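Labels below follow one simple rule: chain letters A, B, ... track the order of the sequence lines, proteins then strands, and each chain is numbered from 1. Everything quoted here is computed from the prediction, not taken from an experiment.
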Number of protein chains: 2
Amino acid sequence: MAAALEDTPVTYEELADLERQFDDVETEIIRKQFELSRPLYQKRHKIVSQIPNFWPLVIEQAPPEIDEYIQPSDSAVLLNSLSSLDVSRFELEDAGSGEPRSFSVRLEFAENDYFEDKVIEKKFWHRKGPRNWSGLVSEPVEIKWKKGKDLTGGLLSLARKAWEEENAWAKDNPGKKQPKGLTETQEALRTSLENTGIGGISFFAWFGYIGSNISEEESKKEVERRIKARGENLVDGVEKADDSKGEDKGDDGGEDEEEEDDLEIFPDGEDLAICIAEDLWPSAVKYFTHAQEQDALSDDEFEESDEEMTESPTQAGAAERPSKKQRQD
Amino acid sequence: MAAALEDTPVTYEELADLERQFDDVETEIIRKQFELSRPLYQKRHKIVSQIPNFWPLVIEQAPPEIDEYIQPSDSAVLLNSLSSLDVSRFELEDAGSGEPRSFSVRLEFAENDYFEDKVIEKKFWHRKGPRNWSGLVSEPVEIKWKKGKDLTGGLLSLARKAWEEENAWAKDNPGKKQPKGLTETQEALRTSLENTGIGGISFFAWFGYIGSNISEEESKKEVERRIKARGENLVDGVEKADDSKGEDKGDDGGEDEEEEDDLEIFPDGEDLAICIAEDLWPSAVKYFTHAQEQDALSDDEFEESDEEMTESPTQAGAAERPSKKQRQD
């Protein structure tokens, strides 16, 4: 079929401009979503904070996409001492501007045997990068483990240390490329990662997730570059794949990036964050209600199967747990 | 873990009420989404209607979830004569009330060898039914096929006839249950369906999709019943699974329904409708741009592979087609 724009008054610029307007509307809709639901989340927070085991019961019923990352030892901490979980869209200001896809997950804990922290909070920034990439980036968050109780086996603090050293170097050497090869801390981190069995990494290693190394400034530049590039590309009649453009600008592509990827202590960190923010958090009351049903069932009829549920609490009720929210439901 | 509400001032009614408020906000957000994007869709309509092959080029690049239903003979009609595709949320009034999940798909065609219709429109109503069901229901839409050109081999008009007969019977026998067994038309429809090879059903049979037999009134009653039942159930301390409730009310459950399901000529009708309304329609300009890229590639470099693309146009560019929109992108 022949290219269709040749004999029409429509230009590629016009179409590209239209698409940009659609993107803006989509961002605006996501903002609206949080604006409209914020008062309800505040109300929910007040109500559920009066229910002592609310969040542990929600965690018990967590969907498989979250549950798979919770090891038995993590489960012990979460079920015994998680007192609150909150997701906020911290870049949304009252006026309603700001990136609505950035969010923070804040966990509160009661006194426990594992760490000193009462609050552990992890922020995720939605950024755009070269090669048409967009996604969530974060910073490793330290946890003050009690002696001999580090569930990540030292991984988390190594990840934090390596990240701090890298940042300090970048500050002292503005505009320069990080030297090739690994630092001492990075080597230690790599060795430590290699010695960790598959599937054996703690849920708490998630607090070490970094993601792509894209700063706020780089992300803003990338947005401007895309708007400009899009216009230019479309003048040729064909929108070139963005792959070819990345190398002109940001120097963080290529081999170095792969090396750094190897040092990510929780590679699925973004998926887990999204699942917490877009499923566990909005559907918490449904998961809680399911936990109650499980409980009532085991009290009434399956007295003996109760023990089983205690042994492997996060596995219970897989068949009956509420499904993810879908637009069309 | 013990049931958690016993020693708290929180009641199950309070939680159920909170969930209802969340549901209302979600519906409101979907309304807002269409309200905000409607002017842009109107603008897009004006622009793309100046591009002669716009919709055929979009169909060429349709995602696999749509493409799998387009047979080679369907493809010939769609690529040669589809002049417009429109999705509207017809239950949304200007004031912004109404069910935003109901929609209509309207196809316009140029003069062609297959049928007389210039416009074929199919409406989908979002309804709620017994057993916690919610989804899209529709009515079979007739197509005026030219002689010997019925791409559905008579299925579509049989489905329409059976549906009309059923409706006429229900009108003459208000409140009564349809008699057991199949009518003559239903028998003919079943035979015709049995003789159709798997995977051989035309895209145009989609216009015969009916879905669950839930009227507007039944759906409204079901919404009221759920609100009431939810409150009652929760007073016991356990929200009973809704399965047990269906039988008390609507009499359209059970064997009859299964028999009718067998007569659905396009069982995946709802999935296809949603994919058209939530992917093909909003991303049409992206699919069009990809079609242009394919075209430019084949013109410049792969002159000889051009023929291949013409033979199987809807298969082209599978690897490079834009992915579905996701919230976090």
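- Here CZ of B:R31 is found 15.0 Å from NZ of A:K32. Values are rounded to the nearest 0.5 Å.
- Taking NZ of B:K46 as the start and CG of A:L18 as the end, the distance is 12.5 Å to the nearest 0.5 Å.
- Rounded to the nearest 0.5 angstrom, B:D24 CG and A:L36 CG are separated by 11.5 Å.
- From A:R44, atom CZ reaches atom CZ of B:F22 across 5.0 Å, with rounding to the nearest 0.5 Å.
- Atom CG of B:L40 sits about 9.5 Å away from atom CD of A:E19, to the nearest 0.5 Å.
- Side-chain contact between A:L15 and B:F288 is present, with heavy atoms from C-beta onward closer than 4.5 Å.
- A distance of 11.0 Å separates OG1 in A:T8 from CG in B:N53, rounded to the nearest 0.5 Å.
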Handout entry: Trace of the side-chain hydrogen bond (donor to acceptor under 3.5 Å, both in side chains) decision for A:K43 with B:Q21
Key = CA-CA 11 Å; A:K43 193 171 169 181; B:Q21 291 177 49; 3.1 Å; yes
